[in-house]
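Letters go in sequence order (proteins before strands), and every chain restarts at 1. In what follows, every heavy atom counts, from backbone to side chain, and hydrogens, waters and symmetry copies are set aside.
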Number of protein chains: 2
Amino acid sequence: MAKWTIKDIAKKAGVSITTVSRVLNRKEEGMSAQTREKVLRVIEELEYQPNRLARGLVTKQSKLIGLIVPTISNPFFPELCRGAEDEANKYGYSLVICNSDASAEKEERYIKILKEQQVDGIILSSQSGLSSASLDRHSKNLHYVLLDRMEREKVPGVFLENEEGGYLAGQHLIQLGHKKMACITGPESIKNSRDRLKGFKRALKEVGLEPTIIREGDFSLESGYSHAKEILENENVSAIFTCNDLMACGVYRAAHEMGVGIPQDISVIGFDDIPLISALIPKLTTIRQDTYMMGRKSAELLIQQIEHGKTDFTIFSPTLVVRESTAYVKTGEETIK
Amino acid sequence: MAKWTIKDIAKKAGVSITTVSRVLNRKEEGMSAQTREKVLRVIEELEYQPNRLARGLVTKQSKLIGLIVPTISNPFFPELCRGAEDEANKYGYSLVICNSDASAEKEERYIKILKEQQVDGIILSSQSGLSSASLDRHSKNLHYVLLDRMEREKVPGVFLENEEGGYLAGQHLIQLGHKKMACITGPESIKNSRDRLKGFKRALKEVGLEPTIIREGDFSLESGYSHAKEILENENVSAIFTCNDLMACGVYRAAHEMGVGIPQDISVIGFDDIPLISALIPKLTTIRQDTYMMGRKSAELLIQQIEHGKTDFTIFSPTLVVRESTAYVKTGEETIK
DNA sequence: TTGTACGCGTTATCAG
DNA sequence: CTGATAACGCGTACAA
C-alpha cells in the first residue's frame, strides 16, 4: 500500500535495481526469463508504479503535454480537447489543459507554468498573436504547435481553410437567391474571423453583389443576440451568416423574440458545427469543421515534433452542412415593396 | 535561451546553489539584501525557471491535480473544469484533465496514470462506483475528492442535493396543475439520477399523485429525443421532467418534429442549467446547480486535504429557475376528453 | 546475464 | 549569513 521504489522491488526480488529498471523499460532484451519473471511477479504483487518525476528528471521527458484553449465554455473546445487527449494517450502522454479566458496575459502565465512543469510540448489555441510570438521566442527549447488559431504563416500546427468556409457560406446563400445578407463576424483581431469574412465577401463579389451589413461580434452567444436584434430591427436582409455557431444561437433567440421566422423570414448559417446545435430548432445549417480530428491531429503533430523533430502543419477543409435554417429567399411582397 | 539550472545561476552570481535555492523559496529570511539582489538579477536576466520535476522529487509534491470527468462533451463538465482550474491555480496547482468517456475501465487507467504522474491528488467525477472504490483502496497514499457523483455516504467531495432538485421539479409542475407527468431519468446505475427521480416521486406522492411514466435515459441528447418521441406518441402526459438539460434538448427536438408545442401542449423541465440552454427556444425551465462553484469547491477541498490533511465534504443545494418551457396545464378538451 | 556507481535539478540538513 | 553535501527515484554507461 505504501509507495514502493525501484529499490524495494530490487531487494524483494533479490536482484539489483538495474535489473528491475531493465525489466521495466526494455521489452525483451537480454536477461534470463527466470529473473524477469521473478521481478515481474514482485512488481505485480506490490503494485509498484514507477515515479515519473524521477524518470523525467533523467530522461528529460515529462510525458506531459500542455493544451491552452481560450474558452472551454464554447463547446467547440471540449471537442478539440477530447481529440488531443485521445491521441496523446495513445502515445503515453497526459494532457494538462489550461483555460486562458481569451486573455493574453493568462496565456503567457500558463506558458510559463507549463514550462516549469517541464511539459514536453505545448498545443496552443491562442486568442492573441502575442503569446504565440512569445512561444516562438522559446521555441529553441520548447516544442509547440498552434491549433485552430494561426496569426502568421508557416508555423507548425493545425488549421482550417477559414476563407473557404466563408466562401461556402456565401455561395450557399447566393444559390438560395439571397441578395441582401448580413455577417456577424468574430473579433477583428482574430485571423480566423477575418478570413471567414473575406471568403464570404469573395463569394458575393463573384456574382456582383456587394457585401452588405457587417457587424463585429466576439464569438459569444450574447454578441450574436445583440447584433442580430439590431440588424433585424434596422436592416432589410434576408440572411445572416455568423462566424461561429454560438453566435448563431444568439440570432435564433433574437429572431424568436421579434417574431421573425427561421428560415421563412430569414436564413441563418453558422460556422463550426458544434455538437449541441442539434438542439436548435430548426436545425442549423452550418460550415462544419472536424473539431475532434483537428484535436487529434494537433497532438499527433506535436508528438512527431517531440519524438522525431519533425515540424509540420496540416490544413483542414471545412464542409457545408445544409440543414433547416436556410431556405430560398422569399419573393413577393417583402422584396418588391 | 537554453535551459538554465540552479547551478548556472549560482556560478554566474558567484554564490552557492544553496543560496540560490534560498532566494527562490524562502521569502524574506536571513541573507544580505545584497546577495539577494545579485541572485535575483541573474535569475531575471537568464529567465531562469526552476524545474518542478526535480523539485517535486525532493518535496514530494508535483503541484499537479488530476481531474477525471465522464464526458467533456456535456457542457456541464467544462464548467466544472473551469471552476476547479481557477481554484487550483490560485494555490499554484495545475490541472491534468482526463475524459473517461464514462468507462470504468478508462477511469481506472487514468487513476493509474495520474498516480504515476505523481499528482498530489485527484478529483473524480466518476460514472461508476467501481473506480471510486479503487481510489478508496489507494486512499492511504492518495488524496482525493469526489465531484458530483457520490455512490456512498461519507466520502470527501462536493455533491448536490439531487433529491431536493427532483422534488423542486415535481413541486413546480404540480403547482402548475399537472397531473400526468413523465420523467426521463439518467442511468439507473447512477445515484444522482436515482435521487432526482426519488425527489420527483416524493413531490407527487405528497399530493396523492402516482408517479407516472418513467423512462431510463443515459443523459445524452439522443436518449432524451427517443424517449420523448415514444412518450409523446403513446402516453397522455402534460409535462416531462428530464434528469438533465441535454435530454431536455432532445425532448425539444422530438416535440418540434411531432408538432407538439412547448409549453402550450407540454411542459418541459430540465436539470443542470448548462450555459448553452439559453439558446433553446422557448427558454428552458430547469433545476440549476452552480456548476462553476462546485468545481471550485472541489479543488479547494482537495487542496485543504493535501496541505492540511482535512477531509471534508460539501453539499450544494439546487434551485428552481422558472423560464418559459413550463406552463399551467391546459384545461378543456384535452383533459376532459 | 547482472551489478556498481554516477548524474539528472532541486531541497534540506548541518557545519562553518 | 553562507556553503558543502546528502538525499529524492530512476536510467544508464561501464565494469564484472
Side-chain angles (χ1 to χ4, degrees), chain A residues 2-40 42-43 46-64 92 113-120 141, chain B residues 2-40 42-43 46-64 92 113 115-120 141 307:
Chain A
K3 268 188 186 171
W4 305 109
T5 76
I6 200 172
K7 256 185 208 159
D8 301 316
I9 308 298
K11 194 187 294 176
K12 189 138 187 181
V15 298
S16 76
I17 58 169
T18 314
T19 305
V20 178
S21 178
R22 280 207 190 89
V23 174
L24 248 32
N25 299 302
R26 305 203 247 254
K27 307 286 172 195
E28 290 295 345
E29 253 158 79
M31 72 186 57
S32 75
Q34 197 182 350
T35 315
R36 191 182 171 65
E37 276 309 315
K38 199 168 45 182
V39 174
L40 245 25
V42 178
I43 289 179
L46 264 46
E47 300 187 26
Y48 165 73
Q49 294 189 321
N51 180 328
R52 291 227 189 183
L53 296 192
R55 182 181 280 183
L57 197 53
V58 26
T59 61
K60 309 278 187 197
Q61 293 209 352
S62 64
K63 289 293 179 182
L64 245 33
I113 291 175
L114 290 173
K115 284 189 68 180
E116 273 189 34
Q117 210 70 257
Q118 307 299 115
V119 295
D120 296 333
N141 18 287
Chain B
K3 269 188 184 172
W4 304 110
T5 76
I6 201 172
K7 260 185 205 158
D8 301 315
I9 306 298
K11 195 186 296 176
K12 190 139 184 179
V15 299
S16 77
I17 57 170
T18 311
T19 305
V20 178
S21 179
R22 278 207 191 91
V23 173
L24 249 31
N25 298 304
R26 302 203 247 256
K27 306 286 172 195
E28 291 297 344
E29 253 159 79
M31 73 187 55
S32 77
Q34 198 182 349
T35 315
R36 191 184 171 65
E37 278 307 315
K38 200 166 46 182
V39 174
L40 245 26
V42 178
I43 288 179
L46 266 45
E47 300 187 26
Y48 164 74
Q49 295 191 320
N51 181 327
R52 290 226 190 183
L53 296 192
R55 182 180 281 184
L57 194 54
V58 28
T59 62
K60 310 277 188 198
Q61 292 210 352
S62 64
K63 288 294 178 180
L64 246 33
I113 291 176
K115 284 189 70 180
E116 273 190 33
Q117 211 67 259
Q118 306 299 119
V119 295
D120 296 333
N141 17 288
E307 299 188 346

J.: Please determine whether a side-chain nitrogen or oxygen atom of A:Tyr48 lies at a distance below 4.0 Å from atom OP1 or OP2 of D:dG9.
T.: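 No, no such contact exists.
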J.: Identify the heavy atoms of B:Leu24 and B:Tyr48 that sit nearest to each other, and give their distance.
T.: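 Minimum heavy-atom separation between B:Leu24 and B:Tyr48: CD2-CE2, 3.7 Å.
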J.: Tell me which nucleotide among D:dT5, D:dC10, D:dC8 gets nearest to the side chain of A:Thr5.
T.: D:dC10
J.: Hey, which sits more toward the 5' end of DNA chain D by its nearest nucleotide, B:Thr35 or A:Gln49?
T.: B:Thr35
J.: Once you round it to whole Å, what is the distance between P of D:dG3 and NZ of B:Lys11?
T.: 15 Å
J.: Classify the nucleic acid contact of A:Val20 as base, sugar-phosphate or nothing, counting any heavy atom under 4.0 Å across all strands shown.
T.: nothing
J.: Could you state the atom-to-atom distance from CD of B:Gln61 to C1' of C:dT11 in whole Å?
T.: 12 Å
J.: Could you state the atom-to-atom distance from CG of A:Leu24 to C1' of D:dG9 in whole Å?
T.: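 Whole-Å distance recorded here is 12 Å.
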J.: What's the NZ-P distance between B:Lys3 and C:dG9, to the nearest Å?
T.: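 In whole Å, C:dG9 P lies 10 Å from B:Lys3 NZ.
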J.: Given C:dT11, is OP1 or OP2 found less than 4.0 Å from the side-chain N or O atoms of B:Arg55?
T.: yes
J.: May I ask you to verify whether the side chain of A:Arg22 and the base of C:dG3 hold a donor-acceptor pair under 3.5 Å?
T.: yes
J.: Ignoring hydrogens, what is the shortest heavy-atom contact between B:Ser62 and B:Gln117? Give both atom names and the distance.
T.: CB-O, 4.3 Å
J.: Taking all atoms of both residues into account, what is the closest heavy-atom pair of A:Ser16 and A:Ala10, and its distance?
T.: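 Where A:Ser16 meets A:Ala10 most closely, the heavy atoms are C-CB, 3.7 Å.
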J.: Can you measure B:Leu57 atom CG to C:dG7 atom P for me and round it to whole angstrom units?
T.: 17 Å
J.: Between atom CD in A:Gln118 and atom P in D:dG9, what is the gap in whole Å?
T.: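 One finds 19 Å between P of D:dG9 and CD of A:Gln118, rounded.
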J.: State, without any angle test, whether B:Ser21 and B:Thr18 hold a side-chain donor-acceptor pair at a distance under 3.5 Å.
T.: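 There is no such pair between these side chains.
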J.: In a check of side-chain contact (heavy atoms from CB on, under 4.5 Å) between B:Ile17 and each of B:Lys7, B:Lys11, B:Arg22, which one passes?
T.: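 Option passing the side-chain contact (heavy atoms from CB on, under 4.5 Å) with B:Ile17: B:Lys7.
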J.: Has the side chain of B:Thr59 got a donor or acceptor atom sitting under 3.5 Å from an opposite partner on the base of C:dA12?
T.: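 Flag unset: no donor-acceptor pair detected.
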J.: Strictly below 4.0 Å: does B:Ser21 bring a side-chain N or O up to OP1 or OP2 of C:dT10?
T.: no
J.: Looking only at side-chain N and O atoms, does A:Lys60 come under 4.0 Å of OP1 or OP2 in D:dG11?
T.: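 No, no such contact exists.
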J.: What about A:Thr18, does its side chain sit under 3.5 Å from the base of C:dT4 through a donor-acceptor pair?
T.: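 Looking at the base of C:dT4, it does pair with a donor or acceptor on the side chain of A:Thr18 (distance under 3.5 Å).
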J.: Can you check whether A:Asn51 has a side-chain N or O nearer than 4.0 Å to OP1 or OP2 of D:dC8?
T.: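 False: A:Asn51 side-chain N/O out of range (4.0 Å or more) of D:dC8 OP1/OP2.
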J.: A:Glu116 has an atom CD; how far is it from atom P of C:dT10, in whole Å?
T.: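 It is 10 Å, rounded to the nearest whole Å.
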J.: Let me know the distance between CG of B:Asn25 and P of C:dG9, rounded to the nearest Å.
T.: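 Rounding to the nearest Å, CG of B:Asn25 and P of C:dG9 are 17 Å apart.
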